[in-house]
Amino acid sequence: MSQATSKPSSAGLFITFEGLDGSGKTTQLRLLGDALRADGYRVVALRQPGGTPLGDRIRSILLDSRSDADLGAIAPEAELALMFADRAQSLREVILPGLADGCVVLCDRYTDSSEAYQGAGRRLGSDRVLTLHQAVCNNLQPNLTILLLPPLATALRRARSRNDRHSRQIGSDESRFEAENDEFYARVYEQYLKIARRDSDRVVVFRGEGSIASIQKLILDVVRERLAAAGLTGAP
Ligand code: ADP
Ligand code: TYD
């Protein structure tokens, strides 16, 4: 589906992190945030779903593996609509004000996740997702998307062991998606590659199994280049 995209017209820079569960997004987002703050940038960081009080409620419904038993099987279309309800709220409460204020906004997942997981994983199709993106997000695209794509098996192994650790330590259960089968995740992976080919100016892909530190350095180089191109400098 081809649509005019809207770029943030504001003073800040909108950067999203994408990839499979366990690909290292949260780790790299935190490290990038620390590095940019040390350079004097003002940074706003959030995740989707989540990042607002409403979003946190939506997150607990969508990620808790007990939800399908408690609420009845969640329809794929309901799942998609809830992802966009969360996104609408965080755009209004966090992302747009941060950009207007000249901040670097770092978001752990955005509409590419809906296209990959609901569009391809749940087989709802990209057109439906992109139509909602137009209607709900005014088609706002990130300035830059960091797509982390280690091999599928590596990402899932890391995500499942992290979730086991969290459920033992803090009793949280966020494993509803990780319980999906390998075919689901293969479709998600392929869709991410398609998005990267289609939106090659926006999406920078990091494949392979590099160390946390080596990937961090590559990401920082790309981001510093984009900040300079956008004329954004940190505090003196
Ligand atoms: P995501 O947010 O994409 O689900 P996380 O950043 O939470 O991924 O990482 C999942 C797990 O994998 C964590 O335990 C993290 O320490 C580990 N991890 C992240 N990046 C790497 C890497 N490049 N090599 C090895 N382990 C990693
Ligand atoms: P999260 O813990 O934030 O990601 P990760 O496991 O990579 O650290 O979990 C978010 C889950 O929600 C993840 O499995 C992907 C899924 N998701 C969608 O299916 N569609 C979406 O639009 C978004 C934002 C997330």
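For clarity, every value in this text was computed on a predicted model and none was experimentally measured. Quick note: numbers below take in every heavy atom, side chains included, and nothing from hydrogens, waters or symmetry partners. Order of appearance sets the numbers: ligands from 1, and atoms from 1 within every ligand.
Between R47 and ligand 2, a contact under 3.5 Å exists for no N or O pair. Checking only distances, D21 never comes within under 3.5 Å of ligand 1, N or O to N or O.
Nearest-residue assignment for atom 22 (C) of ligand 1 (options L148, I212, T154, D108; heavy-atom criterion): I212. Around atom 19 (O) of ligand 2, the closest heavy atom drawn from R160, E79, R122, Q118 belongs to Q118. Distances from atom 2 (O) of ligand 2 to the heavy atoms of R59, K25, E180 put R59 nearest.
The closest approach between S211 and ligand 1 falls below 4.0 Å for a heavy atom of the residue. Residue contacts with ligand 1 include L20, since one of its heavy atoms falls under 4.0 Å from the ligand. Look at G210 and you'll find a heavy atom under 4.0 Å from some atom of ligand 1.
When hydrogens are left out, the protein atom nearest atom 14 (O) of ligand 2 is D21 OD2, 2.5 Å; that is the closest non-hydrogen contact.
Contact atoms of ligand 1 toward T27: 5 (P), 6 (O), 9 (O), 15 (C), 19 (C) (distance under 4.0 Å to a heavy atom of the residue).
Taking the charged nitrogens against the carboxylate oxygens, D86 and R109 have no contact shorter than 4.0 Å, which rules out a salt bridge. We find that E79 and R176 are joined by a salt bridge, their nearest charged nitrogen and carboxylate oxygen being less than 4.0 Å apart.
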